[in-house]
Amino acid sequence: MTDSLLVDRTDAVVTLTLNRPASMNSLDVELKEALRDTLAQLETDRSCRAVVLAGAGRAFCVGQDLREHAGLLEQGHTEIDTVRKHYNPIAQRLANMPKPVVAAVRGSAAGAGAGMSLLCDFRIGGPSTSILMAFANVGLAGDTGVSWSLPRIVGHARALELLLLAEPVRAEAAYQMGLLSRLVDDDEQVLPVAQELAARLAAGPTVAYGAIKRELSIGDAGTLSDALAAEAQAQAICGGTTDHQAAVTSFLAKEKPSFTGR
C-alpha cells in the first residue's frame, strides 16, 4: 500500500483519504492505481458496509497531476491511456459499489476529482467547497464519468454550460444545483459529518441499499420494462435476506430492527 492513499477502518465504515496535500491531492499514477485497486477490494469486503472518500489538507482533489502528465507528453505519450487504465475503472467502482459511498468534499474538487465526487451517493461540502469541470481549460473533454453523472444531477443544458465554460461553482450554488447533497457551516465538520452519515448507512440494510442503487442506474437510462424487471430481480434478492425477515418480525413486534447486511 502507498502513503498517497490512507485507509482507515472504524467499525463497518472505511474512509479512503487521498493523501497528496502538497499537490492538492492531484492524481498521479501511484494514487490512481491505489484507489482503483482498493475500491475493487472493498466491493467484496463484507466487513465494509459504507465508504467515505476524502482528501487530505485544503482540497478534496484537483484532478490529474499535470506535472506528471506534462512529463509523459514530453516523452511522446500523447494518447491518454490513463482514462482506460485508471479513470474508467475508478468511475465504475464508485458508481457500482454495492454499498453507500459518501464524499467529504472539503475545498476544491476539479476535473477528475469533481468527477469522482459526483459518482458518490452523497457529497458533503463546506464553505470552501468548489466544483470545477476543469477539462476544457486544458483542452480536454470530460472523463471520470462526468458525461453520465453531471446531466443526471443538473440536466443536459446546465451540464453543457459547466463543461464548456469550465468555471468554478462555489459551495452555495453547488448545493442549490445538487452537486452537493449537504452543506455544513464549518469546513472542519465536512469529514465528521460525512463519516457520521456513513456510519448511519452502514447500520442499515446495505443489501437493499446496493439493490436500490442498481435499480436507479437501470431506471435512469432504460425503459419502464427495464425498470420493472430490475425491481423484480432486486426484490427477489432482498426478500431472501436475513435483514428483510428480521425487519418484518421487528415491525410486527413494534421493535426497532437491527440490520447485519446479510
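Heads up: numbering here begins at 1 and tracks the sequence. Keep in mind that the numbers below use all heavy atoms, side chains included, and drop hydrogens, waters and symmetry copies.
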Next on the checklist: As a quick check of understanding, evaluate side chain to side chain donor-acceptor pair (under 3.5 Å) for Asp8 and Thr10, giving each step before the final call.
Outcome noted: CA-CA 7 Å; Asp8 175 74; Thr10 302; 3.1 Å; yes
Checklist entry - Quick check: are there more than 12 heavy atoms from other residues, nucleotides or ligands sitting under 6.0 Å from CD of Glu215? => result yes
Next on the checklist: Donor-acceptor check, side chain of Arg123 to backbone of Leu179, threshold 3.5 angstrom: yes or no?
Outcome noted: yes
Item to check | Met97 with Tyr87, same ILVMFWY side-chain cluster at under 4.5 Å | outcome: yes
Item to check | Leu180 versus Ala171, closest heavy-atom pair with distance | outcome: CD1-O, 3.8 Å
Item to check | Arg20/Asp28 salt bridge by N-O under 4.0 Å criterion | outcome: yes
Next on the checklist: Are Ile212 and Leu94 connected into the same hydrophobic cluster when the rule is that any two of I, L, V, M, F, W, Y join if their side-chain heavy atoms are below 4.5 Å apart?
Outcome noted: no
Next on the checklist: Quick check for you: to the nearest 0.5 Å, what is the distance between Ile124 atom CD1 and Glu196 atom CD?
Outcome noted: 10.0 Å
Next on the checklist: So, taking the atom named CG in Leu201 and the one named NZ in Lys99, what distance separates them when rounded to the nearest 0.5 Å?
Outcome noted: 13.0 Å
Item to check | Side-chain (Ser250) to main-chain (Ala246) donor-acceptor, under 3.5 angstrom | outcome: yes
Next on the checklist: Quick one, Met116 with Leu35, criterion side-chain contact (heavy atoms from CB on, under 4.5 Å). Give me CA distance, side-chain angles, the key distance, then yes/no.
Outcome noted: CA-CA 11 Å; Met116 291 192 303; Leu35 180 59; 3.5 Å; yes
Checklist entry - Stepwise, does the side-chain contact (heavy atoms from CB on, under 4.5 Å) test hold for Leu118 with Leu150? => result CA-CA 7 Å; Leu118 297 183; Leu150 192 57; 3.8 Å; yes
Next on the checklist: Taking the side chain as everything from C-beta on, heavy atoms only, tell me whether Pro192 gets closer than 4.5 Å to Gln189.
Outcome noted: yes
Checklist entry - Would you find a donor on one side and an acceptor on the other, under 3.5 Å apart, between the side chain of Asp143 and the backbone of Val83? => result no
Item to check | Main-chain N/O of Leu42 paired to Asp45 side chain as donor or acceptor, under 3.5 Å | outcome: no
Item to check | Short side-chain to backbone donor-acceptor contact, Arg49 and Pro100, under 3.5 Å | outcome: no
Checklist entry - Would you find more than 12 non-hydrogen atoms of other residues, nucleotides or ligands less than 6.0 Å from Asp226 atom CG? => result yes
Next on the checklist: I need the Ser4 OG to Lys32 NZ distance, nearest 0.5 Å.
Outcome noted: 11.5 Å
Next on the checklist: Do Arg46 and Arg262 make a side-chain contact, defined as non-hydrogen atoms from C-beta onward lying under 4.5 Å apart?
Outcome noted: yes
Checklist entry - When clusters are formed by joining ILVMFWY residues with side-chain heavy atoms under 4.5 Å apart, either directly or through shared neighbours, do Leu27 and Val7 land in the same one? => result yes
Checklist entry - For Val146 and Gly115, which heavy atoms make the closest approach, and how far apart are they? => result CG1-CA, 3.6 Å
Item to check | Neighbour count >12 (heavy atoms, 6.0 Å) for atom CZ, Arg158 | outcome: no
Checklist entry - Is it true that Arg106 and Glu188 make a salt bridge, defined as a side-chain N closer than 4.0 Å to a carboxylate O? => result yes
Checklist entry - Do the side chains of Arg9 and Ser47 get nearer than 4.5 Å, heavy atoms only? => result yes
Item to check | Atom of Thr17, atom of Gly55 and distance for their closest heavy-atom approach | outcome: CG2-C, 3.9 Å
Checklist entry - Can you find a heavy atom in the side chain of Val169 that is under 4.5 Å from one in the side chain of Leu132? => result no
Checklist entry - Taking all atoms of both residues into account, what is the closest heavy-atom pair of Glu43 and Arg93, and its distance? => result OE2-CG, 3.0 Å
Checklist entry - Would you call Ile90 and Lys85 a side-chain contact if the rule is heavy atoms closer than 4.5 Å? => result no
Next on the checklist: Please evaluate residues Val184 and Val190 with respect to the criterion side-chain contact (heavy atoms from CB on, under 4.5 Å), reporting the C-alpha separation (whole Å), side-chain torsions for both, the decisive distance (0.1 Å), and the verdict.
Outcome noted: CA-CA 7 Å; Val184 299; Val190 171; 3.8 Å; yes
Next on the checklist: Taking the side chain as everything from C-beta on, heavy atoms only, tell me whether Arg170 gets closer than 4.5 Å to Ser130.
Outcome noted: yes
Checklist entry - Under a 4.5 Å side-chain heavy-atom rule over Ile, Leu, Val, Met, Phe, Trp and Tyr, are Leu31 and Leu39 clustered together? => result yes
Checklist entry - Looking only at side chains, do Ser128 and Asp187 share a donor and an acceptor under 3.5 Å apart? => result yes
Item to check | Heavy-atom donor-acceptor pair, Thr241 side chain to Ile237 backbone, under 3.5 Å | outcome: no
Item to check | OG1 on Thr15 to CG on Leu191, rounded to 0.5 Å | outcome: 6.0 Å
Next on the checklist: Closer than 3.5 angstrom, by distance alone: can the side chain of Asp243 be matched with the main-chain N or O of Phe259 as a donor-acceptor pair?
Outcome noted: no
Checklist entry - Any side-chain donor paired with an acceptor under 3.5 Å for Glu172 and Gln176? => result yes
Next on the checklist: Quick check against the 3.5 Å criterion: does Thr206 have a side-chain atom that pairs as donor or acceptor with the backbone of Tyr209?
Outcome noted: no
Checklist outcome for this item: Between Ala166 and Ala136, the two heavy atoms sitting closest are CB-CB, 4.4 Å
Next on the checklist: So, applying side chain to side chain contact (heavy atoms under 4.5 Å, CB included) with Leu16, which one of Leu6, Thr38, Val52 is it?
Outcome noted: Thr38
Item to check | Shared-cluster residues of Met24, by chain and number - hydrophobic side chains joined below 4.5 Å | outcome: Val62
Checklist entry - Do other residues, nucleotides or ligands put more than 12 heavy atoms under 6.0 Å from Asp185 CG? => result no
Checklist outcome for this item: Interatomic distance, CG@Leu119 vs CG@Leu53, rounded to 0.5 Å, equals 10.5 Å
Checklist entry - Going only through I, L, V, M, F, W and Y residues with side-chain contacts under 4.5 Å, is there a path from Val154 to Trp148? => result yes
Item to check | Closest approach of Ala202 to Val13 (non-hydrogen atoms, all atoms of both residues) | outcome: CB-CG2, 4.0 Å
Next on the checklist: Working note: Asp81 + His86, criterion side-chain contact (heavy atoms from CB on, under 4.5 Å); need CA distance, chi angles, decisive distance, verdict.
Outcome noted: CA-CA 8 Å; Asp81 64 346; His86 305 120; over 6 Å; no
Item to check | Nearest-0.5 Å distance that lies between atom CZ in Phe60 and atom OG in Ser117 | outcome: 5.5 Å
